[in-house]
Amino acid sequence: MSETGKKGASRRAVLGAGLAAGGAVAAGIARAQSADPLITDVQDWASSFGDAVDAAPYGTPIHFESHVVRRNVEWLTESPVSSINFTPIHALEGTITPQGCAFERHHSGAIELSKQDYRLMITGLVEQPLVFTYEDLTRFPRSITTAFCECAANGGMEWGGAQLEGCQFTQGMIHNMEYTGVPLRLLLEEAGVKPEGKWVYAEGADASSNGRSMPLEKAMDDVLVAFYANGEALRKEHGYPVRLVVPGFEGNMWVKWLRRIGVYDQAVESREETSKYTDLMPDGRARKWTWVMDAKSVITSPSPQAPIRHGKGPLVVTGLAWSGHGKITRVDVSLDGGVTWQEARLTGDVKSKALTRFHLDIDWDGSELFLQSRAVDETGYVQPTKNQLRDIRGLNNVYHNNGIQTWWVRADGEVENVEIA
Ligand SMILES: Nc1nc2c(c(=O)[nH]1)N[C@H]1C(S)=C(S)[C@@H](COP(=O)(O)O)O[C@H]1N2
Ligand SMILES: [Mo]
């Protein structure tokens, strides 16, 4: 923690970021209040009854929280049925994303498919092609996995420079849920994969079908045919009644409304896969099959949509970190635009291929900050800066922007999306 006091003094002066080292902050938050009517007077809510127990058979968030919603960027896509919206990560805590505000990405709209009408086929290079009803799936042994689902385009609008005000828009194409379902391996074993079978092609029941190929090894490893998320049935927009959960892999592999699994000797080249989900490099070549999401992190508060309202003194800096390659082992936070770093606390359980929450408790002296976070995963991979990524991948590319985010916290507590050269 004393690191901040030693290194990088000159750069800090240039940036004008006056800093206070993090550490134990206990006193000075609550003030003695003598005549606060909220303490001294009897309140309305204590003078009459509240709602009866059956006011809402299925509850929704209290209206004070009505700003915590998915949002989209209208100019981003031509049509709302082939579009995306964003998780309000700036307003959430912990690691689990409630389904009701978890981002949605549809290529041809969210369809309504009942459990009665649901069928899953296993076809191709198998001993016995099979068709499962929803009820059939419920009779296989289940497992539970918590995993993040990140669209490959998350951060894609920021390749050219800081553009959107808030981590909801810059990093919010992500959600993290606890899924219950049947390991895809068990269904494939039931059908019997022939020795020539090397690839698995998954397809949805919607008009786009969103067909995607993955290596058989992945399908036999940790892929789940999921029907519950966060303890309840999947929401329609997340693939009710059944979706694929592909931990660590980019979101487009997580086929919703799953209707067919085909086993093949090579990858089935869907139109989408060849034209869209590739990373165009500066020399005109394209990176393909870049499924695994590299380590990334972002500070969710303070951030442009979550400015500091309470003035100087104790300040909780918090954010999310994740890696498609396994567990997050460390997150460093910089208050001065990457000159000096302090290690944040990884709070709660750290799970592989799932969101990890970090916190850093600082004593803010009220001067401007250039906040950054940098994730490290269990492979030793360190989250790169945006310029390091640009040096390698150029600017033609949309997908897989996992560069370090900078938030400029001004003395008045307002926060802006910026980049430091
Ligand atoms: N059947 C189907 N599955 C799909 C899609 C789709 O349009 N149709 N979109 C994919 C993409 S690109 C992403 S990022 C994730 C998003 O999942 P979500 O809508 O639950 O957030 O679903 C994937 N699965
Ligand atoms: Mo996506």
Side-chain angles (χ1 to χ4, degrees), residues 69-73 76-77 79-89 92 96-113 118-121 146-157 168 171-179 181 201-214 223-230 232-262 270-279 290-293 322 324 355 397-402:
V69 288
R70 300 187 270 238
R71 293 188 194 281
N72 65 18
V73 174
L76 204 61
T77 52
S79 148
V81 294
S82 179
S83 192
I84 190 145
N85 57 21
F86 303 86
T87 308
I89 51 173
L92 300 175
I96 294 295
T97 316
Q99 288 200 69
C101 67
F103 89 94
E104 310 162 71
R105 168 74 174 110
H106 317 305
H107 290 81
S108 52
I111 58 165
E112 200 172 286
L113 177 56
Y118 182 78
R119 297 290 184 274
L120 173 62
M121 287 176 268
T146 301
F148 74 83
C149 172
E150 183 182 21
C151 180
N154 201 16
M157 287 86 76
Q168 177 166 21
Q171 278 91 0
M173 292 181 190
I174 192 162
H175 52 63
N176 189 67
M177 305 192 201
E178 184 211 72
Y179 298 95
Y201 178 71
E203 200 174 66
D206 53 329
S208 82
S209 87
N210 194 74
R212 291 289 179 276
S213 295
M214 73 179 79
V223 176
L224 216 56
V225 174
F227 29 92
Y228 290 91
N230 300 341
E232 62 179 355
L234 284 163
R235 296 281 166 89
K236 167 184 173 178
E237 61 270 33
H238 301 300
Y240 181 95
V242 176
R243 92 171 302 167
L244 217 50
V245 166
V246 192
F249 275 34
E250 59 190 20
N252 67 75
M253 312 288 286
W254 293 50
V255 176
K256 301 190 276 191
W257 314 290
L258 182 67
R259 81 180 272 276
R260 185 165 78 91
I261 296 286
S270 72
R271 197 157 38 92
E272 212 68 71
E273 192 169 81
T274 43
S275 63
K276 283 194 69 196
Y277 292 100
T278 55
D279 306 335
T290 46
W291 304 298
V292 182
M293 302 306 290
W322 60 96
L355 291 188
N397 166 50
V398 175
Y399 299 109
H400 298 280
N401 182 354
N402 66 320

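Counting convention: from 1, in listed order, for ligands and their atoms alike.
Contact atoms of ligand 1 toward C151: 14 (S) (distance under 4.0 Å to a heavy atom of the residue). Contact atoms of ligand 1 toward E237: 19 (O) (distance under 4.0 Å to a heavy atom of the residue). Shown in contact with D206 at under 4.0 Å from a heavy atom are these atoms of ligand 1, numbered in order with element: 1 (N), 2 (C), 6 (C), 7 (O), 8 (N). Every atom of ligand 1 with a heavy atom of E104 under 4.0 Å away is listed here by number and element: 19 (O), 21 (O). Ligand 1 places these atoms under 4.0 Å from at least one heavy atom of W254: 22 (O), 23 (C), 24 (N). Each of the following atoms of ligand 1 lies closer than 4.0 Å to a heavy atom of V255: 3 (N), 24 (N). Interface of H106 with ligand 1, defined as ligand atoms under 4.0 Å from a residue heavy atom, comprises 7 (O).
Salt bridge absent: R212 and E250 never bring a charged side-chain N and a carboxylate O closer than 4.0 Å.
Nearest-residue assignment for atom 17 (O) of ligand 1 (options R243, M253, R105, H238; heavy-atom criterion): R243.
Residue-to-ligand polar distances keep E150 apart from ligand 1: every N/O pair is separated by 3.5 Å or more. Checking only distances, N252 never comes within under 3.5 Å of ligand 1, N or O to N or O. For the pair W257 and ligand 1, the shortest N or O to N or O distance does not fall below 3.5 Å. Below 3.5 Å of separation, one finds no N or O of C149 facing any N or O of ligand 1.
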(Q) Could you go through S208 and D206, starting from their C-alpha distance and side-chain angles, then the distance that decides it, and tell me whether this counts as side chain to side chain donor-acceptor pair (under 3.5 Å)? (A) CA-CA 6 Å; S208 82; D206 53 329; 2.9 Å; yes

Q) Could you go step by step and tell me if H106 and K256 meet the side-chain contact (heavy atoms from CB on, under 4.5 Å) rule? A) CA-CA 9 Å; H106 317 305; K256 301 190 276 191; 3.1 Å; yes

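Contact annotation: S208 has at least one heavy atom less than 4.0 Å from an atom of ligand 1.
Listed for the E150 side chain is no donor-acceptor partner under 3.5 Å among the backbone atoms of M293. Distance alone, capped at 3.5 Å, places no donor-acceptor pair between the W257 side chain and the E112 backbone. A side-chain donor-acceptor contact under 3.5 Å links T87 to the backbone of I174. A donor-acceptor contact shorter than 3.5 Å is absent between the side chain of N176 and the backbone of T97. No side-chain donor-acceptor contact under 3.5 Å links N230 to the backbone of M177.
The ring pair (Phe, Tyr, Trp, His ring centres under 6.0 Å) test with W254 is passed by exactly one of F103, Y179, F249: Y179.
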